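Everything below concerns the one structure shown next.
The structure displayed is predicted, hence computed values, not measured ones. Basis for what follows: all heavy atoms, side chains included, without hydrogens, waters or symmetry-related copies. Reminder, nothing fancy here: chain letters follow the sequence lines and each chain counts from 1.
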2 protein chains.
Amino acid sequence: MDRLGFAAAHLTNLEFGRDEEIIAQGCKAAFCYQVQSGCVRTVRLLEDGRRYIGAFLLAGDVFGWETGLTHDFAAESVTPVRLRRIRLSVLDEVADRDHGFATLLRHYAQAQLRFTQSRLILLGRKTAAERIASFLAEMQARLGTRTRLLELPMSRADMADYLGLTIETVCRGLSDLKRHGTIAVNRTRIQIQDPQALDRAGSDPVH
Amino acid sequence: MDRLGFAAAHLTNLEFGRDEEIIAQGCKAAFCYQVQSGCVRTVRLLEDGRRYIGAFLLAGDVFGWETGLTHDFAAESVTPVRLRRIRLSVLDEVADRDHGFATLLRHYAQAQLRFTQSRLILLGRKTAAERIASFLAEMQARLGTRTRLLELPMSRADMADYLGLTIETVCRGLSDLKRHGTIAVNRTRIQIQDPQALDRAGSDPVH
DNA sequence: CGGGCTCTTGACGAATGTCAATGGGTGTGG
DNA sequence: CCACACCCATTGACATTCGTCAAGAGCCCG
């Protein structure tokens, strides 16, 4: 999605601090956003307070474009973030004029769909321990650290709501991995000591 | 996706019986398919035999197009089905020539993504009873029966693997709804007696 | 140094999975 | 046409996993 840049005249730069609302749940969809730096979460609340996190967005990721008329998910900053914003109507116009860009958008949508589908199996069929291990593997891949030290941007509560678990279960899962010597844990700092054991614990058939 | 028809020269019609394999998991992606009649499921297996169903496809639905190089999910017929098949490379060509079709594809991908995301919250945060009620409501909407009689095409095992539950839990959930007078059950025939109670039981914030 | 976070751990309970037995329908072959 | 067998659905008893509630520890910031 780097070619978003060529519509530069229509881009607005924005900044948010920690834990601020970027998009309200259910509001009318007008803009989409690309993360320049920092981390954003998409959030959906049920009436009784249950919370679910649809995605964590990192530098380069785009959100808010998959929407229909309204945003089904809210978007909030996890860390301080810098964003670029573009009007959805402009995005559509550009896609109409520029074939290559339209193709890019379509492929991006397909990739997102594949990613989301593989999360379904995680939530539908994996145990708590497997979800946690998969999550750490995912984050290591996405944060792109060749080193084995992960600096997670999000809290345990965010992890829990992303994985369909509770805070306590996430803690226990991390502690188990620690006991087995697979990782070392210090708050949001995770040292991966045995990557193969981590992959095995996540039991990901693909990736 | 009805405009698939205008590439008629490249369409192949296919038929399958009950429980046949249409696409093998992990095979190279060459074609995509549209359901003409009947029901198809997409399936993913973990090594230890756990099974997950990604989607049920009904008449009009398209599958196999969201793929990268290989199909992450297998596709199998639930009932006897009639399908139309088109080569993915042809689909891309048509999208390159025809703006409107490219836009259609993109919007279809976005709609699928939104649907899949709302399934994440179902698997991540809903109880067994809520999942079952949501499923029945979904099927009623998709089968488009104005009457309140549902003829489910799939077995309890399929429902369970779609909802991230076991067969037994699905049965118990249906029995509970029956006890409350919300539905009547006879195998795959479901009579919805109290649609409002069903919606409440599913606690869907959107839709 | 103290207050308020978040994280961690333990004890317990509830929801769901597992294992097993039974029942009811459907299809097939006699 | 009937009988049997098989498959699927259902139900019960029990086990396990995960959530809930509660307490305490560590850390960050004023």
Side-chain angles (χ1 to χ4, degrees), chain A residues 17-19 41 46 48-52 78-80 122-136 150-180 183-191 201 203, chain B residues 17-19 41 46 48-52 78-80 122-136 150-180 183-191 201 203:
Chain A
R18 230 174 121 262
D19 277 321
R41 62 178 174 251
L46 297 181
D48 60 3
R50 279 176 289 181
R51 191 178 84 138
Y52 180 72
V78 176
T79 63
L122 181 143
L123 292 174
R125 280 290 175 243
K126 289 196 183 177
T127 65
E130 290 170 331
R131 296 183 202 191
I132 293 161
S134 293
F135 175 76
L136 293 179
L150 282 181
E151 282 275 359
L152 295 179
M154 72 289 291
S155 68
R156 295 287 186 271
D158 284 342
M159 289 178 56
D161 287 337
Y162 183 64
L163 298 174
L165 301 171
T166 59
I167 298 175
E168 294 90 333
T169 302
V170 170
C171 278
R172 282 188 249 272
L174 290 173
S175 296
D176 286 347
L177 287 170
K178 187 167 63 181
R179 250 188 301 284
H180 288 78
I183 60 173
V185 180
N186 187 296
R187 296 258 158 171
T188 64
R189 213 178 306 266
I190 311 271
Q191 173 84 31
S203 78
Chain B
R18 230 176 120 262
D19 277 322
R41 61 176 174 253
L46 298 181
D48 59 4
R50 278 176 291 182
R51 191 177 85 137
Y52 180 71
V78 176
T79 63
L122 182 143
L123 292 173
R125 281 288 176 244
K126 288 196 184 179
T127 65
E130 290 171 332
R131 295 182 203 192
I132 293 162
S134 294
F135 175 76
L136 293 179
L150 282 182
E151 281 275 0
L152 295 179
M154 71 290 291
S155 67
R156 296 285 187 271
D158 284 343
M159 288 177 55
D161 287 337
Y162 182 64
L163 298 174
L165 301 170
T166 60
I167 297 175
E168 294 90 332
T169 303
V170 170
C171 280
R172 282 187 249 271
L174 290 173
S175 298
D176 286 347
L177 286 170
K178 187 166 63 177
R179 249 188 301 284
H180 288 79
I183 61 174
V185 181
N186 186 296
R187 296 258 158 174
T188 63
R189 212 178 307 268
I190 310 271
Q191 173 83 33
S203 78

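When distances are taken from the side chain of B:Cys171 to each of D:dG19, C:dG17, D:dA9, the shortest belongs to D:dA9. Checking C:dT9, D:dT10, D:dT20 against every side-chain atom of B:Ile167, the shortest atom distance belongs to D:dT10. Nearest nucleotide to the A:Ala128 side chain, out of C:dT9, D:dC18, C:dT6: D:dC18. Considering only the side chain of B:Arg172, D:dA13 comes nearest among D:dT20, C:dC7, D:dA13. Residue A:Arg187 has its side chain nearest to C:dT6 when only D:dG19, C:dT6, D:dT10 are considered. Residue A:Thr169 places its side chain closer to D:dG19 than to any other of D:dC27, D:dG19, D:dG12.
Whole-Å rounding puts the A:Glu130 CD to D:dC18 P distance at 9 Å. In this entry the distance linking CG of A:Asp161 with P of D:dG19 reads 11 Å, nearest Å. The separation between A:Ile183 atom CD1 and C:dC7 atom C1' is 14 Å, rounded to whole Å. The CZ-C1' distance, from A:Arg156 to D:dG26, rounds to 13 Å in whole Å. Summarising the geometry, the separation between CE on A:Met159 and P on D:dG19 is reported as 13 Å, rounded to the nearest angstrom. Spacing between atom CD1 of B:Ile190 and atom P of D:dA9 amounts to 10 Å, rounded to whole angstrom units. Atoms CZ (B:Arg131) and C1' (C:dA15) sit 11 Å apart, rounded to a whole Å. Between A:Arg189 atom CZ and C:dC7 atom C1' the separation is 15 Å, expressed in whole Å.
Between A:Gly164 and B:Met154, the residue whose closest nucleotide on DNA chain D is further toward the 5' end is B:Met154. Of the two residues near DNA chain C, B:Asn186 and A:Arg18, the one whose nearest nucleotide lies more 5' is A:Arg18.
A donor N or O paired with an acceptor N or O is not found under 3.5 Å between the base of D:dC18 and the side-chain atoms of A:Glu168. Remark: the A:Arg179 side chain and the C:dT9 base include no donor-acceptor N/O pair separated by less than 3.5 Å.
Summarising the geometry of B:Tyr162 relative to B:Tyr52, their closest heavy-atom pair is O-OH, 3.5 Å, with the distance given to 0.1 Å. Across every non-hydrogen atom of B:Pro153 and B:Thr79, the tightest pair is CB-CG2, 3.7 Å. The heavy-atom pair separating B:Arg156 from B:Ile167 by the smallest distance is CB-CG2, 4.0 Å.
Side-chain contact between B:Leu136 and B:Leu174 is present, with at least one heavy-atom pair separated by less than 4.5 Å.
No donor-acceptor pair closer than 3.5 Å links the side chain of B:Arg125 to the backbone N or O of A:Arg50.
One finds no side-chain N or O of A:Thr127 lying less than 4.0 angstrom from the OP1 or OP2 phosphate oxygen of D:dT17.
Contacts of A:Val185 with the nucleic acid, taken as non-hydrogen atoms under 4.0 Å apart, involve only primed sugar atoms and P, OP1 or OP2.
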